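Basis for what follows: all heavy atoms, side chains included, without hydrogens, waters or symmetry-related copies. Counting convention: from 1, in listed order, for ligands and their atoms alike. Everything numeric here is computed off the predicted structure, so don't read it as measured data.
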Amino acid sequence: MTDIKNPVIDTNLVAEHNAQQQADLQADYEALGGMLARRGVDIEKLTALAGTFAVAVPSWGAGTGGTRFARFAGRGEPRNVFEKMEDCAVINQLTRATPAVSLHFPWDRTDDPAALKEIADGYGLGFDAVNSNTFQDQQGQDHTYKYGSLSAQSGAARAQAVQHNIDCIELGQKLGSKALTVWVGDGANFPGQNNLRGSLERYLDSMRDIYGALPADWNVFIEHKLFEPAFYATVIADWGTSFAAATELGPKAKCLVDLGHHAPNTNIEMIVARLAQFGKLGGFHFNDSKYGDDDLDSGSINPFQLFLVFNELADAAERAKSGATDFNPAYMLDQSHNVTDPIESLMSSAVEVQRAFVQAALVDRNALRAFQESNDVLNAAQTLKKAYRTDVSAILAMARVRAGGAADPVAAYRSSGYRDSAAERRPAKAGASSSGIV
Ligand code: RM4
Ligand code: MN
Ligand code: MN
């Protein structure tokens with residue numbers, strides 16, 4: 001069990017919660033273990049594997065989100081990066097699946113990174129990729145991003161955007177991050193507004209400067225997105241452009257796949273397979289969507305797609321192992337919560353992503369290969385379905401309990417009264433640091 005120096009939720013409460021659940025969990029675990037044993041699968045191996053899973057939490061997800069129309073504030077929302085960290089600590093304490101936080105600057109900027117790091121250490125949290133923000137103007141900023149940032153026509157706006165990214169790297173270094181994620185909203189709303197090729201050339205020039213500022217052990221992740229805020233042509237709209245840019249920049253540049261950033265029905269698992277094949281899969285922003293960049297909870301709309309993504313990741317990991325190469329994509333959530341408690345949504349999503357990870361490990365890869373080779377299409381498809389249909393909840397719960405988390409994170413969280421106490425301690429404050437906007 002990993003000990004957390006300063007747990008936010010009373011550990012006795014978690015222990016009592018687990019004690020109440022223990023008999024049921026044990027019975028479910030034994031039943032599942034028996035069923036898996038008949039398939040030749042050792043449940044203990046899967047539980048140990050589940051315990052290795054980690055997905056980072058986006059600091060901005062801790063606040064309530066909004067749409068273009070309105071934002072309905074939640075109770076006890078975090079008002080600064082320290083309060084966001086406290087919420088992220090709750091998420092990890094109960095799920096034991098989210099040991100790192102992804103920060104967004106300047107929303108999360110602090111003049112005291114050492115204090116932030118110390119508090120994070122106490123919570124048992126580290127820092128994953130830092131995110132830059134040149135998709136909105138900040139107060140007092142010299143040059144507007146209204147017409148673009150890294151690809152802007154204005155050299156001054158471009159230089160300012162480059163410098164902001166370099167500042168993010170410097171702050172991230174003080175916190176122990178090892179990657180910068182760059183997503184820009186740059187693009188055009190009208191045909192003719194931008195020279196399509198010229199915009200990408202300017203973007204690449206800017207990115208070369210940012211790449212040049214990366215420490216030796218850092219990566220830069222390029223995040224593509226089909227549309228919004230640019231509605232006619234986005235500079236980094238798809239994985240092809242992202243791949244070309246990452247290739248152009250060099251080995252430290254990789255592609256980041258945000259599940260919501262594709263047209264409906266896009267075969268995202270194939271994008272994952274392609275990027276993995278060519279060594280450019282940097283990481284993920286997990287979320288789910290029905291129509292566009294909806295930022296709904298992971299696995300809430302299309303859990304089969306999430307499973308298929310992890311199926312490709314399991315295949316890539318197996319290939320990397322036999323080729324003795326590294327394969328370590330960064331897993332992060334990127335969601336916006338409008339009608340749920342963000343802590344509950346982030347905990348549930350972390351568990352859903354972990355579920356897909358464990359289900360993908362259940363795929364009988366030798367059988368699948370044999371069915372593929374003999375063109376037994378039906379059985380090949382059924383091999384995937386068999387893994388996907390297996391309810392691995394008891395494995396996930398057991399892995400959590402063994403690591404010191406809660407058998408049922410949402411139930412334990414509700415019984416802790418954390419949200420009520422946050423609402424008392426954090427009266428709404430005008431101009432609070434942004435969160436929840438994705
Ligand atoms: C974007 C994109 C980025 C995130 C912002 C807040 O749509 O998904 O990853 O940083 O939203
Ligand atoms: Mn994203
Ligand atoms: Mn997004």
Student: With a heavy-atom distance limit of 4.0 Å, tell me whether His261 approaches ligand 1 through its side chain, its backbone, both, or neither.
Tutor: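 It is the side chain that gets close, since no backbone atom is under 4.0 Å.
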Student: Quick one: name the protein N/O/S atoms under 2.8 Å from the Mn ion (ligand 2), chain by chain.
Tutor: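 As for protein N, O or S atoms lying under 2.8 Å from the Mn ion (ligand 2), they are Glu223 OE2, Asp258 OD2, His285 ND1, Asp334 OD2.
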Student: Atom NZ of residue position Lys252 - does it have more than 12 heavy atoms of other residues, nucleotides or ligands inside 6.0 Å?
Tutor: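 Yes, the 6.0 Å shell around NZ holds more than 12 heavy atoms from other groups.
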Student: Does any donor atom in the side chain of Trp60 or Asp108 lie under 3.5 Å from an acceptor atom in the other side chain?
Tutor: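 The criterion, which ignores hydrogens and geometry beyond distance, is not satisfied for Asp108 and Trp60.
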Student: For His104, take its heavy atoms, then give the atoms of ligand 1 lying under 4.0 Å from any of them.
Tutor: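 Taking each heavy atom of His104 in turn, ligand 1 has 4 (C), 6 (C), 10 (O) under 4.0 Å.
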Student: Does this structure show an ion pair linking Asp87 with Lys84, if we count only N-O contacts that are shorter than 4.0 Å?
Tutor: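 A salt bridge is absent here (no side-chain N lies under 4.0 Å from a carboxylate O).
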Student: Assess the side chains of Asp288 and Asn302: does a donor N or O sit below 3.5 Å from an acceptor N or O?
Tutor: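 Looking only at side-chain atoms, Asn302 and Asp288 do not form any donor-acceptor pair under 3.5 Å.
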Student: For Asp391 and Ser393, work out which heavy atoms get closest and say how close.
Tutor: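 Minimum heavy-atom separation between Asp391 and Ser393: OD1-OG, 2.5 Å.
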Student: Give the atom numbers and elements of ligand 1 that come within less than 4.0 Å of a heavy atom of Asp258.
Tutor: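 In order of numbering, the contacting atoms are 8 (O).
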Student: Between the side chains of Asp186 and Ser149, is a donor N or O closer than 3.5 angstrom to an acceptor N or O?
Tutor: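 Result is yes, a qualifying pair exists.
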Student: Under 4.0 Å, heavy atoms only, figure out whether ligand 1 is touched by the backbone of Thr181, its side chain, both or neither.
Tutor: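 Neither; nothing of Thr181 gets under 4.0 Å from ligand 1.
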Student: Which atoms from ligand 1 have a heavy atom of His285 less than 4.0 Å away?
Tutor: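 Reading through ligand 1 atom by atom, the close ones are 9 (O).
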Student: How does Asp334 reach ligand 1, if at all, at less than 4.0 Å between non-hydrogen atoms: by side chain, backbone, both, or neither?
Tutor: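 For Asp334, only side-chain atoms sit under 4.0 Å from ligand 1.
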Student: Return the minimal non-hydrogen interatomic distance between Val8 and Tyr418, and the atom names on each side.
Tutor: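 In this case the closest contact between Val8 and Tyr418 is CG1-CE1, 3.6 Å.
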Student: Which of the numbered atoms in ligand 1 are under 4.0 angstrom from any heavy atom belonging to Asp293?
Tutor: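 Numbered from 1, ligand 1 contributes 7 (O).
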Student: Sorted by first residue and then second, give each salt bridge (charged side-chain N to carboxylate O under 4.0 Å, His left out) pair with at least one member in residues 302-326; sequence neighbours left out.
Tutor: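 Listed once each, the pairs are Asp315-Arg319, Glu318-Arg369.
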Student: Do you know which N/O/S atom name in Asp293 is closest to the Mn ion (ligand 3)?
Tutor: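 Sorting the N, O and S atoms of Asp293 by distance to the Mn ion (ligand 3) puts OD2 first.
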Student: Would one find an N or O of Trp183, backbone or side chain, under 3.5 Å from an N or O of ligand 1?
Tutor: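 Between Trp183 and ligand 1, no N or O pair is found under 3.5 Å apart.
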Student: Between Ser102 and Asn131, do the side chains contain a donor N or O and an acceptor N or O under 3.5 Å apart?
Tutor: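 Yes.
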Student: Return yes if a side-chain donor-acceptor contact under 3.5 Å exists between Asp209 and Ser206, otherwise no.
Tutor: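 No, because no side-chain N or O of Asp209 sits under 3.5 Å from a partner of the opposite role on Ser206.
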